[in-house]
Amino acid sequence: MVDNKIKEILDGTSFSGEIKFNEPMPAHTSLRIGGPAEIMLFPEDPLSLKNALLAARGEDVSVTVIGAGTNLLVGDGGIEGITISLKALKNMGFTGETDEERAVLYAGAGAPLAGLLNFAQKNGYAGLEALAGIPGFFGGAVYMNAGSFGMEIKDVVVSVAVMNLKGELSILKKDELGFSYRSSNLSDDLIVLSANITLKKDSPEAIAGRMKEFLRRKKDTQPLGEPSAGCVFRNPEGDAAGRLIDAAGCKGMRTGDVEVSAVHANYFINKGGATCKDFIGLMEKVRTRVREHSGIILEPEIKIVGTI
Ligand SMILES: Cc1cc2nc3c(=O)[nH]c(=O)nc-3n(C[C@H](O)[C@H](O)[C@H](O)COP(=O)(O)OP(=O)(O)OC[C@H]3O[C@@H](n4cnc5c(N)ncnc54)[C@H](O)[C@@H]3O)c2cc1C
């Protein structure tokens with residue numbers, strides 16, 4: 001069996017971190033949907049990640065990297081091969097490149113985005129406030145170029161440390177990353193290990209005030225307390241997917257246990273026992289309705305992994 005073989009290989013290397021078999025993915029996604037990950041690894045350092053990647057390569061096993069699973073739909077058939085979570089790589093701090101106006105901070109891919117916002121605020125560095133309320137890890141935010149209220153991660157990123165599937169490290173500068181709306185040219189073959197960001201000095205009170213205001217605006221317009229994966233569809237040029245879905249009369253539409261949120265139409269909620277099949281069924285229904293109503297074809301923003 002491939003799982004035992006991988007474990008055997010990893011036991012013979014300096015792999016530090018948890019190894020789990022048949023790990024239920026609802027525990028690792030905000031939607032609480034999906035079958036199990038065949039093998040799930042939680043490397044505690046870059047060398048352990050490298051050893052895991054080499055073991056996967058040697059055994060010709062597929063690799064899937066996830067963050068906090070807040071933009072992720074996992075197939076009901078689960079994820080074959082190795083699923084890697086970098087939640088242990090959560091260190092953050094200052095790089096030392098600081099002057100009177102600005103500082104460069106680093107954070108590991110597994111650092112919770114909210115934790116990074118709080119760290120920056122407490123130390124009096126501004127620039128991330130508009131991201132208040134976005135769940136997930138820093139690595140996922142970089143990969144997705146997460147953003148809100150007109151601000152995106154790309155606005156503060158200086159460079160990103162990545163590892164390819166052969167375990168080779170490189171540092172990519174911001175202009176090599178091809179950031180655009182909710183995407184970058186980071187391919188599935190590149191794993192974000194950490195990134196440096198530049199922030200501007202400001203008073204902790206002023207920053208906290210702005211974070212609070214952005215969070216309030218988010219809470220007023222988005223169903224933050226319910227199991228979702230954030231926006232399901234990308235905003236088409238010059239319009240908002242939520243507005244189009246609402247205008248097509250889809251609010252409250254349901255397939256199985258997945259429902260279009262009444263608060264924000266681009267959020268689909270798991271009402272209890274939803275499956276990936278339900279979710280994709282509802283995505284198709286909504287796409288069809290929107291196309292019939294406005295002629296616009298919506299494209300998914302969420303990432304779908306595993307066997308549907
Ligand atoms: C209630 C709610 C509100 C949200 N609001 C917003 C919002 O306002 N703006 C916004 O942009 N998003 C929003 N999101 C979506 C989501 O939180 C962001 O996209 C977030 O940045 C995803 O991070 P994650 O760690 O959860 O990534 P995941 O969902 O785990 O992964 C997303 C993608 O990134 C890849 N990935 C993750 N980590 C790495 C890594 N280290 N290296 C390489 N690839 C990686 C995965 O393979 C996958 O393709 C919201 C989600 C929810 C549930």
Side-chain angles (χ1 to χ4, degrees), residues 25 28-34 37 40 42-43 46 49 53 62-74 79 82-90 107-117 128-155 160-165 172 177 179-195 214-215 217-219 221-235 240-242 261 263-264 266-270 300-306:
M25 287 308 290
H28 299 280
T29 59
S30 53
L31 257 180
R32 314 252 173 271
I33 286 179
M40 192 156 182
F42 301 84
L49 172 64
L53 295 172
S62 64
V63 171
T64 305
V65 179
I66 67 159
T70 63
N71 210 32
L72 214 57
L73 175 62
V74 178
I79 310 176
I82 290 180
T83 301
I84 296 179
S85 163
L86 298 181
K87 71 174 187 180
L89 306 186
K90 57 177 188 234
L113 190 61
L116 182 60
L117 262 69
L128 295 171
E129 299 88 293
L131 306 183
I134 302 182
F137 293 164
F138 182 56
V142 171
Y143 184 89
M144 294 298 300
N145 187 22
S148 203
F149 302 114
M151 185 267 167
E152 296 172 309
I153 274 285
K154 77 168 170 55
D155 300 337
V160 179
V162 295
M163 187 178 277
N164 67 18
L165 297 182
L172 300 175
L177 289 158
F179 281 122
S180 58
Y181 166 64
R182 297 300 166 267
S183 74
S184 61
N185 61 15
L186 286 161
S187 65
D188 288 347
D189 297 348
L190 287 179
I191 300 170
V192 175
L193 292 186
S194 65
F214 281 123
L215 190 58
R217 283 167 65 185
K218 239 181 198 304
K219 279 185 176 156
T221 53
Q222 297 174 15
L224 297 189
E226 295 184 271
S228 80
C231 288
V232 175
F233 295 106
R234 297 163 64 84
N235 288 329
S261 166
V263 180
H264 189 311
N266 202 14
Y267 280 62
F268 292 7
I269 309 296
N270 178 355
E301 178 172 319
I302 56 161
K303 302 289 182 190
I304 303 173
V305 295

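For ligands, and for the atoms within them, numbers begin at 1 and follow the listed sequence. Here the structure is a predicted model, which is why all the values come from computation and not from measurement. Residues take their numbers from the sequence shown, with the count starting at 1.
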Where ligand 1 meets Leu224 - atom numbers and elements under 4.0 angstrom, heavy-atom basis: 1 (C)

query: So is Ala229 polar-close to ligand 1, meaning N/O to N/O under 3.5 Å?
result: no

query: Nearest protein heavy atom to atom 27 (O) of ligand 1, by residue and atom, and its distance?
result: Gly140 CA, 3.7 Å

- prompt: Considering only the protein, which heavy-atom contact is closest to atom 21 (O) of ligand 1, and what is its distance?
  reply: Ala141 CA, 3.2 Å

task: Measure Leu190 to ligand 1 on non-hydrogen atoms and call it side chain, backbone, both or neither using the 4.0 Å cut-off.
output: backbone

Gap between atom CZ of Phe42 and atom CG of Leu89 - 0.5 Å precision: 12.0 Å

- request: Check whether any N or O atom of Asn71, backbone or side chain, sits under 3.5 Å from an N or O atom of ligand 1, and answer yes or no.
  value: yes

- request: Please state whether Arg182 comes within less than 4.0 angstrom of ligand 1, counting heavy atoms only.
  value: yes

message: Do Ile269 and Ser228 have side chains that approach each other closer than 4.5 Å (heavy atoms only, starting at C-beta)?
response: yes

query: In terms of atom number and element, which parts of ligand 1 are under 4.0 angstrom from non-hydrogen atoms of Pro135?
result: 2 (C), 3 (C), 4 (C), 17 (O), 20 (C), 50 (C), 51 (C), 52 (C), 53 (C)

- prompt: Among Ile84, Ile82, Ile66, Ile79, whose side chain to side chain contact (heavy atoms under 4.5 Å, CB included) with Met40 holds?
  reply: Ile66

message: I need the Cys231 SG to Tyr267 OH distance, nearest 0.5 Å.
response: 4.5 Å

message: Using a plain distance cutoff, I'd like to know if Ser228 has any nitrogen or oxygen under 3.5 Å from a nitrogen or oxygen of ligand 1.
response: no

query: Of Asp189, Val65, Leu49, which is the lone residue that meets side chain to side chain contact (heavy atoms under 4.5 Å, CB included) with Met163?
result: Leu49

Spatial distance of atom NZ (Lys218) from atom NE2 (His264) [nearest 0.5 Å]: 8.0 Å

message: Test your reading of the structure: does Phe137 have an N or O sitting under 3.5 Å from an N or O of ligand 1?
response: yes

message: Within the 4.5 Å heavy-atom criterion, are Leu190 and Val160 side-chain neighbours or not?
response: no

- request: Please indicate whether any nitrogen or oxygen in Val192 is less than 3.5 Å from any nitrogen or oxygen in ligand 1.
  value: yes

message: How far is atom 28 (P) of ligand 1 from the closest protein heavy atom, and which atom is that?
response: Gly69 N, 3.6 Å

- request: Output the list of atoms in ligand 1 that are nearer than 4.0 Å to some heavy atom of Lys218, sorted by atom number.
  value: 5 (N), 7 (C), 8 (O)

- prompt: Quick one: nearest non-hydrogen protein atom to atom 49 (O) of ligand 1, plus distance?
  reply: Lys303 CG, 3.3 Å

- prompt: Please state which protein non-hydrogen atom is closest to atom 3 (C) of ligand 1 and give its distance, to 0.1 Å?
  reply: Tyr267 OH, 3.4 Å

- prompt: With a cut-off of 4.0 Å, which atoms of ligand 1 are near a heavy atom of Gly230?
  reply: 2 (C), 50 (C), 51 (C), 52 (C), 53 (C)

message: I'd like to check whether Met144 has a polar contact with ligand 1, where a contact means an N/O of the residue lying under 3.5 Å from an N/O of the ligand.
response: no

- line: Counting from 1 in the order shown, the ligand 1 atoms closer than 4.0 Å to a non-hydrogen atom of Gly147 are 7 (C), 8 (O), 9 (N), 10 (C), 11 (O)

query: At what distance is the nearest protein heavy atom to atom 39 (C) of ligand 1, and which residue and atom is it?
result: Val65 CG1, 4.0 Å

statement: ligand 1 to Leu86, heavy atom cutoff 4.0 Å, flagged ligand atoms 41 (N)

field: Gln222-ligand 1 polar pair, N/O distance under 3.5 Å
entry: no

field: Backbone or side-chain N or O of Gly133 under 3.5 Å from ligand 1 N or O
entry: no

- prompt: Any donor-acceptor pair under 3.5 Å linking the side chain of Asn266 with the backbone of Ala241?
  reply: no

- line: From the list Val162, Leu177, Ile153, side chain to side chain contact (heavy atoms under 4.5 Å, CB included) partner of Val142 resolves to Ile153

field: Distance, nearest 0.5 Å, that separates CG of Leu131 from CG of Leu215
entry: 12.0 Å

message: Quick check: closest heavy atoms across Arg32 and Thr29, and the distance to 0.1 Å?
response: NH1-O, 2.8 Å

query: Once you round to the nearest 0.5 Å, how far does CG of Asn71 lie from CD of Glu301?
result: 5.5 Å

- prompt: Would you say the side chain of Asn235 lies within less than 4.5 Å of the side chain of Tyr181, judging by non-hydrogen atoms?
  reply: yes

- prompt: Counting both backbone and side chain atoms, is some N or O of Ile134 under 3.5 Å from an N or O of ligand 1?
  reply: no

message: As an exercise, state the distance from CG of Leu31 to CG of Leu72, rounded to the nearest 0.5 Å.
response: 8.5 Å

field: Residues Leu165, Ile191; criterion side chain to side chain contact (heavy atoms under 4.5 Å, CB included); working and verdict
entry: CA-CA 8 Å; Leu165 297 182; Ile191 300 170; 4.2 Å; yes

field: Contacting atoms of ligand 1, where contact means under 4.0 angstrom from a heavy atom of Ala68
entry: 24 (P), 25 (O), 26 (O), 30 (O)

task: Number the atoms of ligand 1 from 1 as they appear, then name those within less than 4.0 Å of a heavy atom of Ala146, with their elements.
output: 11 (O), 21 (O)

task: Check each heavy atom of Ala109 against ligand 1 and say whether those closer than 4.0 Å belong to the side chain, the backbone, both or neither.
output: side chain

N or O contact, Thr70 vs ligand 1, cut-off under 3.5 Å: yes

statement: Counting heavy atoms under 4.0 Å, the part of Tyr143 that contacts ligand 1 is side chain

query: For Lys90, does the NZ atom sit with more than 12 other heavy atoms under 6.0 Å from it, leaving out its own atoms?
result: no

